[in-house]
Structure formats: structure tokens, C-alpha cells
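This report refers to the structure that appears directly beneath it.
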Protein chains: 2
Amino acid sequence: MKKIDIFKKLRSSGLRPTKQRVEIAKFLFERDKTFHFTVESLNKLLEKKTTFKFALATIYNTVHAFKNAGHLNEVDVRGKKTYFDTNIINHHHFYDNETSELIDIDAKEIVIQKIPKAPNGKKIKNVEVFINLKN
Amino acid sequence: MKKIDIFKKLRSSGLRPTKQRVEIAKFLFERDKTFHFTVESLNKLLEKKTTFKFALATIYNTVHAFKNAGHLNEVDVRGKKTYFDTNIINHHHFYDNETSELIDIDAKEIVIQKIPKAPNGKKIKNVEVFINLKN
DNA sequence: TCCTAGTTTATAATTATTCTAAAGTAAATA
DNA sequence: TATTTACTTTAGAATAATTATAAACTAGGA
Ligand SMILES: [Mn+2]
Ligand SMILES: [Mn+2]
Ligand SMILES: [Zn+2]
Ligand SMILES: [Zn+2]
């Protein structure tokens, strides 16, 4: 993903392409593989990988803005920190409790044969499968 | 579940049947249907349903003790609060994002036909299916 | 260039949870 | 039963993640 695409992505989401947002977007989206992060881990990575200094609040703001724009997904993981995912396509996860690591599972790798119908008045939004790992 | 069973349950887990633990255990386990709660909601319910006063720390202590003893399960839910489940049998959940409500799905209501093998050196501990609901 | 709404920032506030250490209690021991 | 001991409860302090505040800054339009 090139700089011009980053600008487009931000603009089309109604987000001004500020220095901070562009830097963070480049870091998150200019890569081959998607990945999972917390605000804390992202902050550390940005400190290492860029010369820029970001206020922690800006990282929170930006991550939430990207999430609300649909450029990031939130993943439910046991524990206190919120995990985000640059993979916004419907998929599933292995979760390694020892390392607190999430591993993607492509949606087509899991086939569900039988599923209950939603409670009265509700519809199914999506189905998430979590496979907990042990050694 | 009778008082004598509550005592047994506590004793067999190496937990002294203190007034507080017995009260909380009665509240949690002397019922027909299992249920989901947070420490905050449990605290409120205990205030309403019992004449006893519990320090918040005691509720945390007790819930964790029960969880470690295997009498409660923790459920991963989006958000900041930790959810607990008196249903300790393997099962799945609907999650209603509007009401923050968890609804149990019996394990046999979901049949998974295809599942990827665990990453190298790891084994599958369990599989949890989360069905997010919308209106 | 000037203006303005949107953004960043340092810092304070909030929320959920855990820690601390003193006081209380269950139950083993004498 | 009285004494002892380890375990438990408790109020309050501490911590950790996140959100709110409000002043300074900036992108982009007029
Ligand atoms: Mn969670
Ligand atoms: Mn928290
Ligand atoms: Zn993922
Ligand atoms: Zn449940």
C-alpha cells in the first residue's frame, strides 16, 4: 500500500491525513501479512520503527478512528488489554494462552455443519470460532 | 444444592466454608439454571438478595477461588469487565451486543465439520464458538 | 493569508482489578 | 475446652488500561 493509498484510505473515512495518522497507517497497513496488536504493543513498535513521537492518547484516538472506519477489527481475548486485528475479513483464531498470541485461521478452514437459530427477534451477525491451544 | 453440598463443594476444593463463601456459593449454585455475571453485577445482586455485607475484595477473592477450583468458568467478552459463568460444562454462546447479554448454546447444538490442525508443537485445548447477534 | 473545525497532546480522571497489612475466624492442637 | 495457627476478610491504597479534558496546534477551505 502506497502513500497515495494511505491518503485515500484516510480521506474516504473522513479522517484528515495528519502526520500521526499517516505514520500509524503506514505502519499498520503497508505490510504483506496482517497482524494483531494491543495499543501498548503498537506504541512500543512505533517507538522502535519510527523517529516520530506519538502521545499515547493519539494512538488510542487513531486506533479507535481506524476501527470505527472499518480498517481494524477488535478481537475478544481473555485478559485486560484490548486486541486489534488488521485482518478485517471474517476469519477465526487460534489463541495460545502461554504466549498470549493470536494466530489467524482462514474462514474456509472451518466448516460448521449445524448451528442453532438466533433467539426471537434477533439475527446472527457473525460467528467467531476461538481455538484455545495448549502445549 | 443443599447447604451440606455447599460445604462439601468448598471443603473438597480446600476452601474453608466461611460465612462469606457459603453465602456466595449458595447464591451462585443453589439455582436451577446456570448464569453469567460480572463481579459488579454479582455484588449488586448480593446486596439485594442477602442481608450480609461483603467487601468487594472478598467477592473478587471468592470468585477467583471458585474459578481456580473449577466451579466457575471465565468467558471472553468484548469490553472491560470479566464475565464468569456458572455453567462449567463445555458449551458455546450467543452474545447480544445491544444488551451485553450472554446466552448459552449447548455443545451439541453446534457441529463443526472441519477444523485446522494445531500449529506445530501445540494441541487444541478447546473450541469456543461465539455467535454475535444483531436486531 | 486567514479562519475554523478537526486533531494532538500532556495530564487528570475513571474503571476494573489487585495488593497490603491489620483484624478476624475456622479448625487443628494441647 | 483453651490455645494456637494458618487462613480469610476487610478497608483502603496501588496499579493498569483506558477515556476525558482543555489548551495548543494544524489541515484545508474561503
Ligand atoms: Mn475481553
Ligand atoms: Mn481495565
Ligand atoms: Zn486475526
Ligand atoms: Zn455460558
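Chain letters run A, B, ... following the sequence lines, proteins first, then strands; residues in each count from 1.
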Margin query: Rounded to whole Å, please give me the gap between CD1 in A:I59 and P in D:dT19.
Written below: 14 Å
Notebook entry, point to check: Hey, what else clusters with B:I131 if you join Ile, Leu, Val, Met, Phe, Trp, Tyr whenever side-chain heavy atoms sit under 4.5 Å?
Noted result: A:F94, A:I103, A:I105, A:I110, A:I112, A:I115, A:I124, A:V127, A:V129, A:I131, A:L133, B:F94, B:I103, B:I105, B:I110, B:I112, B:I115, B:I124, B:V127, B:V129, B:L133
Output one line per pair: protein atom, nucleotide atom from nucleotides 9-12 of chain C, and distance, for all N/O pairs under 3.5 Å.
{"unit_1": "C:dT9", "atom_1": "OP1", "unit_2": "A:Q20", "atom_2": "NE2", "d": "3.1"}
{"unit_1": "C:dT9", "atom_1": "OP2", "unit_2": "A:A55", "atom_2": "N", "d": "3.2"}
{"unit_1": "C:dT9", "atom_1": "OP2", "unit_2": "A:T58", "atom_2": "OG1", "d": "2.6"}

Next item on the list: Quickly work out the B:L42 CG to C:dT17 C1' distance and round it to whole Å.
Entry: 15 Å
Item checked: Sequence neighbours excluded - salt bridge (charged side-chain N to carboxylate O under 4.0 Å, His left out) pairs with any residue from residues 55-70 of chain B -> B:K67-B:E74
Restricting both atoms to N or O, compile the protein contacts to nucleotides 3-6 of chain C shorter than 3.5 Å, with distance only.
{"unit_1": "C:dG6", "atom_1": "O4'", "unit_2": "A:R16", "atom_2": "NH2", "d": "3.4"}

Margin query: Quick check on C:dT8: is either OP1 or OP2 less than 4.0 Å from any side-chain nitrogen or oxygen of A:T18?
Written below: yes
Next item on the list: Taking only the side-chain heavy atoms of A:P17 (C-beta and beyond), determine which of C:dT7, D:dT8, D:dG28 contains the nearest atom.
Entry: D:dG28
Item checked: Euclidean distance, atom CZ of residue A:F84 to atom C1' of D:dA17 [Å, nearest integer] -> 11 Å
Check: So do B:F37 and B:N43 actually touch side chain to side chain, heavy atoms under 4.5 Å?
Finding: no
Checklist line | B:K44: partners by salt bridge (Lys or Arg N to Asp or Glu O under 4.0 Å), with sequence neighbours left out | finding: B:E40
Note to self: In whole Å, I'd like the distance from the CZ atom of A:F66 to the C1' atom of C:dT7.
What the structure shows: 13 Å
Checklist line | Contacts of A:K19 that satisfy side-chain contact (heavy atoms from CB on, under 4.5 Å) - sequence neighbours left out | finding: A:F52
Notebook entry, point to check: Which residue pairs pass the salt bridge (charged side-chain N to carboxylate O under 4.0 Å, His left out) test when at least one of the two sits in residues 45-54 of chain A, sequence neighbours left out?
Noted result: none
Note to self: In whole Å, I'd like the distance from the CZ atom of B:R11 to the P atom of D:dT8.
What the structure shows: 12 Å
Next item on the list: Could you check how far NE2 of A:H64 sits from C1' of D:dA17, rounded to whole Å?
Entry: 11 Å
Notebook entry, point to check: Any side-chain N or O of B:K80 less than 4.0 Å from the OP1 or OP2 oxygen of C:dT15?
Noted result: no
Margin query: Can you tell me if B:Y60 touches the phosphate of C:dT17, counting only side-chain N or O atoms and a distance under 4.0 Å to OP1 or OP2?
Written below: yes
Check: Would you say the ring centroid of A:F66 lies under 6.0 angstrom from that of A:F84?
Finding: no
Next item on the list: Mind checking side-chain contact (heavy atoms from CB on, under 4.5 Å) for A:N120 and listing every partner two or more places apart, or none if nothing turns up?
Entry: none
Note to self: Test of understanding: with salt bridge (Lys or Arg N to Asp or Glu O under 4.0 Å), list the residues that count as partners of A:D85, not counting sequence neighbours.
What the structure shows: none
Notebook entry, point to check: Which whole-number value in Å describes the distance from A:L46 CG to C:dT8 P?
Noted result: 13 Å
Margin query: Expressed as a whole number of angstroms, how long is the span from A:L15:CG to D:dG28:P?
Written below: 12 Å
Notebook entry, point to check: Which part of the nucleic acid does A:T82 contact within heavy-atom distance under 4.0 Å: base, sugar-phosphate only, or nothing?
Noted result: sugar-phosphate
